[in-house]
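Here is the structure we will look at.
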Amino acid sequence: MKVQTKSKKVNKAWLQQQASDPWVKLAHKEGYRARAAYKLKEIDERLRLFKPGQVVVDLGSTPGAWSQYARRQLAPRGAAVGALDGSLVALDLLPMEHIEGVDFLLGDFRDEAVLAQLQERVRGRPVDVVMSDMAPNLSGIASADAARVSHLVELAVDFALHHLQPDGALLAKVFHGPGYDELVALFRRHFRQYKVIKPKASRDQSAETYLVGLGLR
Ligand SMILES: C[S@@+](CC[C@H](N)C(=O)[O-])C[C@H]1O[C@@H](n2cnc3c(N)ncnc32)[C@H](O)[C@@H]1O
C-alpha cells in the first residue's frame with residue numbers, strides 16, 4: 001500500500017514536471033513524440049549531420065522522436081515519403097508506432113540474430129549516420145550500470161566501423177561517470193574528429209551527454 005502511494009506521488013511529480021517543461025510543449029506543438037527530438041535537432045544544427053538522400057540507422061528509437069526528426073531532414077523537399085524507402089532503419093527493444101518512411105525492426109541490439117537482421121535491412125549500403133540514444137534500464141549499482149552503457153556504446157561503435165561510409169558520423173548517448181573516459185578514448189581512436197555535446201534539451205541534472213564521431217580513421 002505504501003509503495004503504491006509513493007509511486008503515485010512520483011507519477012504526480014513527473015506529470016507536473018512534464019506539463020511545465022517547455023520542450024514537452026514544443027514537441028506537442030510540432031508533432032514530435034518526445035522532447036528528445038530537440039536534443040538531436042541542436043546537435044544537427046551544430047554539426048549538419050543530415051542531408052536529403054542519406055542512409056541513417058537509429059538505435060534505441062522508441063518512441064520515435066529522433067526518427068521523426070531525421071525523416072524530416074532526409075526527405076528531399078517536395079518528394080513523396082515513399083522516396084525514403086529503407087533509407088532510415090530504426091531498431092528498439094520496445095515496439096514503435098509506425099512512422100511513414102521508417103523501416104522499424106523490433107529486437108535487442110546485443111543479440112547477434114537481431115544484428116544480422118539489421119544488416120539485412122541496410123542491404124550493404126554505406127551508412128551516412130548511425131545514431132544511438134540507447135539507454136539500458138539502470139540498476140542503481142554504478143559499476144554494473146556503467147558496464148551496460150559502455151557495452152551498448154562499444155557495440156554501436158563496432159556497427160559504425162563496419163557500416164559507415166568513410167565520411168560518416170556516429171552519434172551516441174553516454175553518461176558521465178565510470179567508463180566515460182574510455183568511451184571518449186574509443187571515439188578518439190576511431191574517428192578523425194570527435195565532439196562532446198550536452199544539448200540544452202538534456203536535463204542539467206542528468207549525467208547524459210552525447211559523443212559524435214566524424215569521419216572514420
Ligand atoms: C531514451 S530512449 C530513446 C528515445 C528516442 N531516441 C526518441 O527520440 O524517441 C532509449 C531507448 O533505448 C532502447 N534500448 C535500450 N537498450 C536497448 C537494446 N539493447 N537494444 C535496442 N534498444 C534498446 C530502450 O528500449 C528505449 O526505447
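Counting starts at 1 for both ligands and their atoms, following the listed order.
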Worksheet item: Would you call Asp167-Arg192 a salt bridge at under 4.0 Å N-O?
Response: yes
Discussion item. Could you measure the distance from the CE atom of Met131 to the CZ atom of Phe50? Nearest 0.5 Å is fine.
Written reply: 4.5 Å
Fill in: Check: Arg35 and Arg203 side chains under 4.5 Å, non-hydrogen atoms
yes
Worksheet item: Thinking salt bridges, do Lys41 and Asp44 make one under a 4.0 Å N-O criterion?
Response: no
Item to complete: With a 4.0 angstrom cut-off on heavy atoms, strictly below it, pick out the residues next to ligand 1 and order them by chain and number.
Response: Ala36, Gly60, Ser61, Thr62, Pro63, Gly64, Ala65, Trp66, Asp92, Leu93, Leu94, Gly107, Asp108, Phe109, Arg110, Asp133, Met134, Ala135, Leu152, Lys173
Worksheet item: So, Glu30 versus Tyr38: side-chain donor-acceptor pair below 3.5 Å or not?
Response: yes
Worksheet item: Can you find a pair of side-chain heavy atoms, one from Val57 and one from His163, that are under 4.5 Å apart?
Response: no
